[in-house]
Trainee: 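Pasting a structure here, questions to come.
Each chain gets a letter, A, B and so on, in the order the sequences are listed, and its residues count up from 1.
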Number of protein chains: 2
Amino acid sequence: MAEAGIMAGTQSVEATLDEAAAACAARGAQLTDLRRQVLRLILAAPHPIGAYALLDQLRAERPGAAPPTVYRALDFLRQQGLVHRVERLNAFVGCTGAEAHHACGHGHDHPHQFLICSVCGATAEVCDSRVSEAVASAARAAGFRPVRMTVEVEGRCAACAEVT
Amino acid sequence: MAEAGIMAGTQSVEATLDEAAAACAARGAQLTDLRRQVLRLILAAPHPIGAYALLDQLRAERPGAAPPTVYRALDFLRQQGLVHRVERLNAFVGCTGAEAHHACGHGHDHPHQFLICSVCGATAEVCDSRVSEAVASAARAAGFRPVRMTVEVEGRCAACAEVT
DNA sequence: CGCTGCGACGTTACTCTATATCGCATATCG
DNA sequence: CGATATGCGATATAGAGTAACGTCGCAGCG
Ligand SMILES: [Zn+2]
Ligand SMILES: [Zn+2]
Ligand SMILES: [Zn+2]
Ligand SMILES: [Zn+2]
């Protein structure tokens with residue numbers, strides 16, 4: 001596990017961006033310059049990043065940027081499964097589980113879980129089918145028809161747990 | 001408005017408030033008038049209610065109320081396990097799983113899951129230990145030490161699923 | 001060519017959510 | 001009595017998200 005967000009050197013980010021552009025194109029969508037810039041900022045951030053922090057950084061390249069600018073890009077990136085929203089943090093993070101989903105045949109709106117370290121802020125995405133099935137099963141047992149689920153765990157990451 | 005599934009009549013609300021006051025007292029905390037008013041509003045609401053909707057209603061009885069007024073009360077009520085926050089909705093709801101937790105020996109910060117109907121807005125709290133254990137187990141498998149978890153499922157409740 | 005529809009983006013102006021402070025009153029204790 | 005803690009009123013500000021409208025560029029078409 002390449003430690004939540006600390007991975008991704010600059011090269012790797014650009015490579016990911018190219019892959020993302022290809023994936024979008026394959027679905028008839030296009031990763032425009034703006035969307036690419038926003039995705040680059042998210043991937044370059046060490047941790048989940050808020051919409052307004054994103055906006056501040058974006059303004060360096062695009063002075064006219066306003067909240068709708070970044071939110072529209074975020075909506076697109078989320079639809080494409082390139083970015084997830086961390087509800088507990090009101091922040092956004094790049095999807096790091098794509099390979100697994102492709103292997104499992106999942107589309108671009110796949111079930112996932114977040115492990116959020118309350119010490120260092122690192123956030124890791126995991127995709128445990130036992131979890132998603134347990135949740136779905138509990139929901140159905142209550143007569144509920146599940147569509148989307150949010151599973152976020154707060155605690156201490158491996159690195160921060162050692163220090164204790 | 002008993003549509004939210006597990007609804008409480010007005011009498012039941014007052015009874016719940018008395019129970020809550022007793023539970024707080026047993027822990028050395030006090031359910032003051034303000035906190036009681038806020039909890040009453042939450043329990044009387046048919047659905048999870050936002051902090052500012054709460055504030056509007058609170059001002060009817062307490063004209064000077066301001067955001068910190070309601071947020072302080074909410075913080076207290078959450079600490080006491082009387083109220084939960086629904087992250088997906090930025091809203092608050094009364095705990096309806098208290099009996100189960102007492103039976104299980106859980107304290108006042110118990111693991112729970114929400115089923116949120118995207119059609120009618122009804123939100124049900126369930127406490128499935130298989131879910132919380134599956135999540136905790138997945139977290140530990142990643143070297144993570146879980147402390148608190150948020151599990152929220154969006155979909156259709158039994159009533160709204162029938163209509164299809 | 002001009003017309004039209006559409007998607008992406010710019011721009012303004014808001015609403016809603018949440019927190020930071022400051023300050024005052026009371027209560028409780030040594 | 002002073003000292004500390006809690007509850008709460010009041011103002012201000014930060015952060016998150018949306019509505020509404022306008023503009024530009026481009027594809028399709030008569
Ligand atoms: Zn993902
Ligand atoms: Zn950590
Ligand atoms: Zn509960
Ligand atoms: Zn429903």
Trainee: For the base of dG9(D), is there a side-chain donor-acceptor partner from R72(B) under 3.5 Å away?
Mentor: yes

Trainee: Just how far, in rounded Å, is C1' of dG7(C) from CG of L34(A)?
Mentor: 13 Å

Trainee: Going by the rule side chain to side chain contact (heavy atoms under 4.5 Å, CB included), which residues pair with T32(A) if we only count those two or more places apart in sequence or in a different chain?
Mentor: Q30(A), L34(A), R35(A)

Trainee: When you measure from every atom of DNA chain C, which of residues 147-155 of chain B have a heavy atom less than 4.0 Å away?
Mentor: none

Trainee: Write down the distance between CG (L74(A)) and C1' (dC9(C)), rounded to a whole number of angstrom.
Mentor: 15 Å

Trainee: Between residues 75-83 of chain A and DNA chain C, which residues have a heavy-atom gap below 4.0 Å?
Mentor: none

Trainee: Can a donor-acceptor pair be found, under 3.5 Å and without considering hydrogens, that links the side chain of H84(A) to the backbone of T96(A)?
Mentor: no

Trainee: Counting heavy atoms from C-beta on, name the nucleotide in dT12(C), dG10(C), dC8(D) closest to the side chain of R35(B).
Mentor: dC8(D)

Trainee: Which residues satisfy the salt bridge (Lys or Arg N to Asp or Glu O under 4.0 Å) test with R85(A), sequence neighbours excluded?
Mentor: E87(A)

Trainee: Using the salt bridge (Lys or Arg N to Asp or Glu O under 4.0 Å) criterion, which residues pair with E152(B)? Sequence neighbours excluded.
Mentor: none

Trainee: Please list, chain by chain and in numerical order, all residues satisfying side chain to side chain contact (heavy atoms under 4.5 Å, CB included) with A29(A), sequence neighbours excluded.
Mentor: C24(A), F76(A), Q80(A)

Trainee: Rounded to the nearest Å, what distance is computed from the CZ atom of residue R59(A) to the P atom of nucleotide dC9(C)?
Mentor: 17 Å

Trainee: Is any side-chain heavy atom of C95(B) less than 4.5 Å from a side-chain heavy atom of H110(B)?
Mentor: yes

Trainee: Among residues at least two apart in sequence or on other chains, which ones pass salt bridge (Lys or Arg N to Asp or Glu O under 4.0 Å) with R40(B)?
Mentor: E14(B)

Trainee: OP1, OP2 of dC8(D) versus side-chain N and O of T32(B): anything below 4.0 Å?
Mentor: yes

Trainee: To the nearest Å, give me how far apart CG (D33(A)) and C1' (dG10(C)) are.
Mentor: 15 Å

Trainee: From CZ of R88(A) over to P of dT17(C), roughly how many Å is that when rounded to an integer?
Mentor: 18 Å

Trainee: What's the CZ-P distance between R62(A) and dC9(C), to the nearest Å?
Mentor: 7 Å

Trainee: Can you pull every protein N or O that's under 3.5 Å from an N or O on nucleotides 12-16 of chain D?
Mentor:
residue : atom : partner : partner atom : Å
dA16(D) : N7   : Y52(A)  : OH           : 3.2

Trainee: What donor-acceptor contacts under 3.5 angstrom involve side-chain atoms of residues 50-68 of chain A, with partners at least two apart or in another chain?
Mentor:
residue : atom : partner : partner atom : Å
R59(A)  : NH1  : A65(A)  : O            : 2.5
R62(A)  : NE   : Q37(A)  : OE1          : 3.2

Trainee: Starting from P on dT6(D), measure out to CZ on R27(B) and report it in whole angstrom.
Mentor: 17 Å

Trainee: Would you tabulate the nitrogen or oxygen pairs shorter than 3.5 Å linking the protein to nucleotides 27-30 of chain C?
Mentor:
none

Trainee: Do any N or O atoms from the side chain of S118(B) and from the backbone of G155(B) form a donor-acceptor pair under 3.5 angstrom?
Mentor: yes

Trainee: Which heavy atom of A134(B) sits nearest a heavy atom of A134(A), and at what distance?
Mentor: CB-CB, 4.0 Å

Trainee: Parallel, tilted or perpendicular: which fits the ring planes of F92(A) and Y71(A), with parallel below 30° and perpendicular above 60°?
Mentor: perpendicular

Trainee: Restricting to pairs with a member in residues 131-147 of chain A, which pass salt bridge (Lys or Arg N to Asp or Glu O under 4.0 Å), not counting sequence neighbours?
Mentor: none

Trainee: What is the distance, rounded to the nearest whole Å, between atom CZ of F92(B) and atom P of dC16(C)?
Mentor: 15 Å

Trainee: Which heavy atom of G94(A) sits nearest a heavy atom of I42(A), and at what distance?
Mentor: N-CG2, 3.4 Å

Trainee: Can you name the salt bridge (Lys or Arg N to Asp or Glu O under 4.0 Å) partners of R130(B), sequence neighbours left out?
Mentor: D128(B)

